[in-house]
Amino acid sequence: MNHLDITRRPERATGALLPIAAPSRRTLLLGVGTLGAGLALGSGAATAAPPTLRRGSRGSAVSSLQQRLTALKYWCGTADGSFGHQTQQAVFALQKAAGLGRDGVVGPKTYRALDAGTQPSRRITSGIGFEVDLRKQIIIATTGGALAYILNTSTGSGERYYSGGRWKTATTPRGSFSMYSLYSRGWQNGPLGNLYRPGYYDRGWAIHGSTSIPTYPASHGCCRISVGASDMLWRGSWFAKGRRVLVY
């Protein structure tokens, strides 16, 4: 009998030998048949990578993303499975906090930031207040010493502009301030544009809603947030006279 084609093994205790067909060389190379796919490909099924998500995406993966953002305090409204403006703003804020590219697209690096539970460090650790991180371009809201919300913002662009008969520079002053004037009735017309429900904390500087909150400094000096975030903060009585605003 050809030893290349047949192997033998004992059957029970009788000592009788039964011929067993040996796996072919092709079977061994492909990892199929008696060896099985597990030996050739490694144990366990491969885990599918999460889908890349961006504005316009819909479905359960978006709902899961929204829930994870909310758990980490990146406000995005209701987890409705629709990747819209508010979800994009929350993704911008996460990417800024993690030091990633600010494209609003949830890919491998942004998923890793979520998995790591990325949150920015805070300087207000007691009481209630806002802090504006000019370098990261985010606003952090704290209540009772606990982190409440992280929001995307756009502050002073540093560019020159003409207003009130003279040239000025679009800057957002650093310092510790308190809100002193509020406008709750919707859009307020100002000399430099419209402000949605502003809370003024330093002369003409305010935190206010806007329809344009890019990932970079673009304002005349105010701290822009989304209209939805502004409404949320007003509902929660965050805009109040005497509210602390720390800008650094």
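Side chains included, hydrogens not; waters and symmetry mates left out as well; all remaining heavy atoms used.
The side-chain heavy atoms of Tyr149 and Met232, taken from C-beta on, include a pair separated by under 4.5 Å. A 4.5 Å side-chain heavy-atom check between Pro173 and Asp202 finds at least one atom pair inside the cut-off. Counting only heavy atoms from C-beta outward, the side chains of Val132 and Phe177 never approach each other to under 4.5 Å. Residues Phe92 and Asp103 form no side-chain contact, since every pair of their non-hydrogen atoms from C-beta on lies 4.5 Å or further apart. Taking 4.5 Å as the limit, some side-chain heavy atom of Arg243 sits within range of a side-chain heavy atom of Ile128. In this structure, the side chains of Ile138 and Pro120 come closer than 4.5 Å at one or more pairs of heavy atoms. At least one side-chain heavy atom of Cys223 sits under 4.5 Å from a side-chain heavy atom of Tyr201. By the 4.5 Å heavy-atom criterion applied to side chains, Cys222 and Thr155 are not counted as neighbours.
Lys96 and Pro214 make their closest contact through NZ-O, 4.1 Å (heavy atoms, listed as atom of the first residue, atom of the second, distance). Looking at every heavy atom in both residues, Ser154 comes nearest to Ala218 through OG-N, 2.9 Å. Ala90 and Leu69 make their closest contact through CB-CD1, 4.0 Å (heavy atoms, listed as atom of the first residue, atom of the second, distance). Smallest separation of non-hydrogen atoms from Thr172 and Trp205: CA-NE1, 4.1 Å. A pairwise comparison of heavy atoms in Trp75 and Leu151 identifies CB-CD2, 3.8 Å as the closest pair. Residues Gly145 and Arg122 share a closest heavy-atom pair of O-NH1, 3.2 Å.
Using modelled atom types, no side-chain atom of Thr78 and backbone atom of Asp80 make a donor-acceptor pair closer than 3.5 Å. Under the 3.5 Å distance criterion, the side-chain polar atoms of Ser157 are matched with a main-chain donor or acceptor of Glu159. Arg174 contributes no side-chain N or O that, together with a main-chain N or O of Leu134, makes up a donor-acceptor pair within less than 3.5 Å. Put simply, the side chain of Glu131 never gets that close to the backbone of Tyr248: no donor and acceptor are under 3.5 Å apart. At least one donor-acceptor pair under 3.5 Å links the side chain of Ser63 to the backbone N or O of Gly81. Without hydrogens or angle criteria, Tyr111 side chain to Ala49 main chain gives no donor-acceptor distance under 3.5 Å. No donor-acceptor distance shorter than 3.5 angstrom exists from the side chain of Arg55 to the backbone of Gln88, with no hydrogens or angles considered. Looking at Thr153, its side chain does come within 3.5 Å of a backbone N or O of Arg224 through a donor-acceptor pair. Between the side chain of Thr142 and the backbone N or O of Gly129 there is no donor-acceptor pair closer than 3.5 Å. Remark: side-chain polar atoms of Ser226 are paired, donor with acceptor, to backbone N or O of Ala229 under 3.5 angstrom.
The cluster map of Ile, Leu, Val, Met, Phe, Trp and Tyr, joined by side-chain heavy atoms under 4.5 Å apart, puts Leu94 and Phe83 in the same cluster. No chain of hydrophobic side-chain contacts below 4.5 Å, direct or via other Ile, Leu, Val, Met, Phe, Trp or Tyr residues, connects Ile150 to Ile225. Grouping the Ile, Leu, Val, Met, Phe, Trp and Tyr side chains by contacts below 4.5 angstrom, directly or via other members, places Leu182 with Leu233.
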Item to check | Chi angles and distances behind the side-chain hydrogen bond (donor to acceptor under 3.5 Å, both in side chains) call for Gln66, Thr87 | outcome: CA-CA 7 Å; Gln66 291 167 329; Thr87 301; 3.0 Å; yes
Item to check | Verdict with reasoning, Ser184 to Trp234, per side chain to side chain contact (heavy atoms under 4.5 Å, CB included) | outcome: CA-CA 8 Å; Ser184 64; Trp234 274 97; 3.5 Å; yes
Checklist entry - Step by step, would you call Asn152 with Tyr74 a side-chain hydrogen bond (donor to acceptor under 3.5 Å, both in side chains)? => result CA-CA 9 Å; Asn152 181 47; Tyr74 295 95; over 6 Å; no
Checklist entry - Taking it one step at a time, do Asp115 and Arg68 satisfy salt bridge (charged side-chain N to carboxylate O under 4.0 Å, His left out)? => result CA-CA 9 Å; Asp115 293 340; Arg68 296 183 70 186; 2.6 Å; yes
Checklist entry - Hey, mind stepping through Lys109 and Arg112 against side chain to side chain contact (heavy atoms under 4.5 Å, CB included) and telling me if it holds? => result CA-CA 5 Å; Lys109 291 182 180 179; Arg112 284 196 290 271; 3.3 Å; yes
Item to check | side chain to side chain contact (heavy atoms under 4.5 Å, CB included) between Tyr200 and Ile207, worked out | outcome: CA-CA 7 Å; Tyr200 294 92; Ile207 297 174; over 6 Å; no
Next on the checklist: Set out, in order, the CA-CA distance, both residues' side-chain angles and the distance that settles side-chain hydrogen bond (donor to acceptor under 3.5 Å, both in side chains) for Arg244 and Ser178, then state yes or no.
Outcome noted: CA-CA 5 Å; Arg244 185 182 182 191; Ser178 297; over 6 Å; no
Checklist entry - Taking it one step at a time, do Thr52 and Val106 satisfy side chain to side chain contact (heavy atoms under 4.5 Å, CB included)? => result CA-CA 6 Å; Thr52 298; Val106 183; over 6 Å; no
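Inspection of the Thr215 and Gln137 side chains reveals no N or O donor paired with an N or O acceptor under 3.5 Å. Counted by atom type alone, Thr110 and Gln95 present one or more donor-acceptor pairs between their side chains at under 3.5 Å.
Residue Leu147 forms a side chain to side chain contact (heavy atoms under 4.5 Å, CB included) with just one option from Ile140, Thr125, Leu72, Ile124, and that option is Ile140.
Environment of NZ in Lys168: crowded, with over 12 heavy atoms of neighbouring residues, nucleotides or ligands closer than 6.0 Å. Counting non-hydrogen atoms of other residues, nucleotides and ligands closer than 6.0 Å to CZ of Arg185 gives a total of 12 or fewer.
Remark: Leu53 CG to Leu65 CG distance equals 6.0 Å, nearest 0.5 Å. For the atom pair NZ (Lys136) and OG (Ser121), the distance works out to 5.0 Å, reported to the nearest 0.5 Å. Distance check, rounded to the nearest 0.5 Å: OH of Tyr196 to CH2 of Trp187 gives 7.5 Å.
For an aromatic pair to be called close, the ring centres must be under 6.0 Å apart, and Trp238 with Phe130 satisfies this.
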